[in-house]
Amino acid sequence: MSNKVVIGAQWGDEGKAKITDLLAQKSDLIIRYQGGCNAGHTVVTDGRTFKFHLIPSGILYKNKICLVGNGTVILPEFFEHEVNDLKKENIDLSGLKVSPLATITMPWHTEVDGYSEDNAKKGKIGTTKKGIGPTYTDKMARIALKIEDLYSPEALSEKLDVILPLKNKQLKEVYGLKTYTKEEVLDLCKNYAKIFEPYVCFDWQDMLRKFKAEKKNVLFEGAQGVMLDVDFGTYPYVTSSNPIGGGAATGSGYGPKMIDEVIGVAKAYVTRVGEGPFVTELTDSMGDTIREIGHEFGVTTGRPRRCGWFDAVTMKYSCLVGGITSIALTKADVFDTFDEIKICTAYKDKRNGKLYTSYPTDVYIHKYLEPVYETMQGWRENISGIRKYEDLPLNAKKYFEKLEEILDTPISIISVGPDREQTIFKK
Ligand code: GDP
Ligand code: IMO
Ligand code: MG
């Protein structure tokens with residue numbers, strides 16, 4: 001048995017789905033453990049491109065169970081849309097299951113998220129407006145609906161009697177938004193129950209027991225990335241869940257001792273969508289070049305991603321708090337035409353010259369920090385067709401080995417293109 005977690009080690013969009021899809025070949029159960037349809041996960045195989053938001057990126061294989069775990073938040077209409085898109089592509093969804101304990105994103109959650117983003121005078125987060133923050137807020141406040149409530153008229157009715165007066169007061173008085181009657185919400189829930197019916201996994205306890213007893217391989221798919229983690233990321237410019245390796249345990253029903261490896265996916269550079277500090281951000285033509293060559297535009301919102309050089313200060317921090325045991329480095333091929341490649345090894349405070357080699361968690365000082373770079377020579381060769389580590393150009397190997405040295409963490413996978421096949425297993 002080998003249970004692996006795939007997490008993003010930066011600010012999301014590192015290529016987690018490609019790595020999940022790849023590792024899913026040898027897994028029996030794939031669990032998405034946090035986040036919602038804020039995620040946009042791309043898998044490319046046999047010339048076809050698939051984009052997932054909630055459904056685990058292992059769904060392309062037959063005979064695997066893909067569970068949307070208890071730690072996720074689910075926007076029903078979006079889930080339905082995603083399911084229908086996959087059906088149109090003739091993807092077999094017989095292995096798709098949804099935890100009855102997952103939390104439902106209700107219309108008021110997306111409305112409040114949109115309102116907060118559109119009306120923020122200060123402190124705009126740049127969210128995906130998919131209701132993520134408001135849904136997790138209500139989950140923690142114990143006033144959210146779970147998938148299982150859709151099938152229990154008593155629970156649903158009693159919960160709505162508690163939730164709706166509170167919500168309506170908040171919607172009307174704080175946000176000036178539309179309120180909801182109980183009948184309206186019950187109607188919505190009737191439709192949601194139909195959407196999820198084929199997939200709800202009421203026997204999840206028996207299923208997990210069986211998988212554990214038979215020592216089946218489990219793959220946990222993280223969304224977002226460590227620097228967007230609500231505890232460890234660039235708070236408040238974060239998402240509202242725990243993308244770190246530890247999130248796999250709370251979001252799935254597997255305990256921490258059942259996790260053997262945590263693979264931290266990182267790009268050979270850094271991107272970020274939305275607001276928030278980004279010390280190595282390149283706002284010049286170099287940033288544009290990386291965006292163009294790397295096609296850095298969001299899967300979920302289409303927004304251009306902010307681009308910058310590899311930040312080993314945050315990555316070292318991610319390895320620590322993410323519990324990362326090895327790194328999957330993606331998009332190294334984007335540097336094929338570059339003469340020089342930079343790695344940020346420290347931050348320097350412009351005010352007093354203070355050097356930081358450990359990540360400073362007070363993000364309000366990040367505007368005073370500038371990156372200290374180590375410059376590596378480029379390899380100036382197309383590496384996208386290479387499949388063996390020993391066949392890589394010397395400068396590419398030097399670059400990867402330098403990263404391993406700085407991060408004190410091995411690189412286990414190098415991705416040299418979007419396709420499943422464009423991968424080098426290093427160890
Ligand atoms: P995720 O959210 O972490 O799953 O990543 P996204 O799907 O949002 O973004 C990653 C993008 O990079 C997708 O378009 C992938 O197809 C693409 N990609 C993944 N790995 C590589 C790689 O090694 N090289 C190149 N050029 N593209 C890659
Ligand atoms: P994947 O799984 C990149 C960012 C948003 C915003 C912040 C909060 O594809 O890597 P939210 O809607 O979650 O409340 O937004 O988090 N964000 C992502 N950035 N990739 C993602 O997912 C993201 N999911 C959320 O841009 O800055
Ligand atoms: Mg993405």
Side-chain angles (χ1 to χ4, degrees), residues 6-22 32 34-45 48-54 56-57 72-73 75 105 109-110 112-114 116-117 124-137 221-230 233-241 243 264-278 290 292-306 328-336 382-384 386 413-424:
V6 174
I7 66 169
Q10 296 161 327
W11 278 284
D13 303 327
E14 298 89 347
K16 296 176 290 295
K18 165 171 173 172
I19 304 300
T20 303
D21 164 77
L22 198 67
R32 230 324 266 285
Q34 46 70 233
C37 58
N38 48 348
H41 293 172
T42 319
V43 175
V44 181
T45 180
R48 294 168 81 191
T49 300
F50 299 91
K51 293 185 190 297
F52 304 109
H53 300 277
L54 270 159
S57 306
T72 60
V73 292
L75 183 59
T105 294
H109 295 130
T110 40
V112 166
D113 196 5
S116 306
E117 277 297 306
K124 192 176 154 83
I125 310 288
T127 74
T128 57
K129 298 187 185 175
K130 297 292 188 292
I132 305 296
T135 312
Y136 277 114
T137 303
E221 180 182 23
Q224 290 82 51
V226 175
M227 299 313 292
L228 288 170
D229 186 276
V230 70
T234 47
Y235 191 91
Y237 303 98
V238 293
T239 191
S240 300
S241 66
V265 187
K267 280 177 190 165
Y269 47 92
V270 180
T271 63
R272 172 162 208 174
V273 245
E275 307 299 319
F278 182 176
I290 294 178
E292 272 160 39
I293 302 179
H295 304 294
E296 294 298 351
F297 296 89
V299 177
T300 301
T301 58
R303 292 179 289 180
R305 295 172 179 154
R306 299 156 67 192
L329 197 81
T330 61
K331 302 196 108 164
D333 54 294
V334 171
F335 285 152
D336 281 355
N382 181 348
I383 61 169
S384 63
I386 295 177
I413 297 172
I414 296 167
S415 170
V416 291
D419 198 277
R420 196 184 271 170
E421 302 299 320
Q422 290 176 297
T423 310
I424 299 168

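Counting starts at 1 for both ligands and their atoms, in listed order. The basis for the numbers below is simple: all heavy atoms, side chains too, and nothing from hydrogens, waters or symmetry mates. Counting begins at 1 with the first residue of the sequence.
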### Task
For H53, enumerate each residue passing the ring pair (Phe, Tyr, Trp, His ring centres under 6.0 Å) test, keeping only those at least two apart in sequence or located in another chain.
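Applying ring pair (Phe, Tyr, Trp, His ring centres under 6.0 Å) to H53 gives F78.
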
### Task
Select all protein residues for which some heavy-atom-to-ligand 2 distance is less than 4.0 Å, and list them by chain and number.
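Within 4.0 Å of ligand 2, the protein residues are W11, G12, D13, K16, N38, A39, G40, H41, I125, G126, T127, T128, I132, A223, Q224, L228, V238, T239, V273, G274, R303.
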
Would a 4.5 Å heavy-atom cut-off, applied to side chains only, mark [X] and [Y] as touching?
{"X": "Q422", "Y": "V416", "answer": "yes"}
{"X": "T271", "Y": "W11", "answer": "no"}
{"X": "R272", "Y": "T234", "answer": "yes"}

Just by modelled atom types, is the [Y] backbone N or O under 3.5 Å from a matching donor or acceptor in the [X] side chain?
{"X": "Q10", "Y": "Y269", "value": "yes"}
{"X": "K16", "Y": "A223", "value": "no"}
{"X": "K331", "Y": "G294", "value": "yes"}

#### Entry: Near ligand 1, at a heavy-atom separation below 4.0 Å: residues by chain and residue number
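Under the 4.0 Å cut-off, ligand 1 touches D13, E14, G15, K16, A17, K18, G40, H41, T42, V44, V299, R305, T330, K331, D333, S415, V416, G417, P418.
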
Nearest-0.5 Å distance that lies between atom [atom1] in [X] and atom [atom2] in [Y]:
{"X": "S241", "Y": "L228", "atom1": "OG", "atom2": "CG", "value": "9.0 Å"}
{"X": "T72", "Y": "E221", "atom1": "OG1", "atom2": "CD", "value": "11.5 Å"}
{"X": "E421", "Y": "T423", "atom1": "CD", "atom2": "OG1", "value": "7.5 Å"}

### Message
Applying side-chain contact (heavy atoms from CB on, under 4.5 Å) to D21 and R420, what does each step give before you reach the verdict?
### Response
CA-CA 8 Å; D21 164 77; R420 196 184 271 170; 2.7 Å; yes

### Query
Applying the side chain to side chain contact (heavy atoms under 4.5 Å, CB included) test to L75, which of T110, I132, T135 qualifies?
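In the set T110, I132, T135, the residue that makes a side chain to side chain contact (heavy atoms under 4.5 Å, CB included) with L75 is T110.
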
#### Entry: Between S415 and K18, a side-chain donor and acceptor under 3.5 Å
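S415 vs K18: donor-acceptor pair found between side chains.
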
### Message
Return all protein N, O or S atoms below 2.8 Å from the Mg ion (ligand 3), chain by chain in residue order.
### Response
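Near the Mg ion (ligand 3), below 2.8 Å, one finds D13 OD1, G40 O.
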
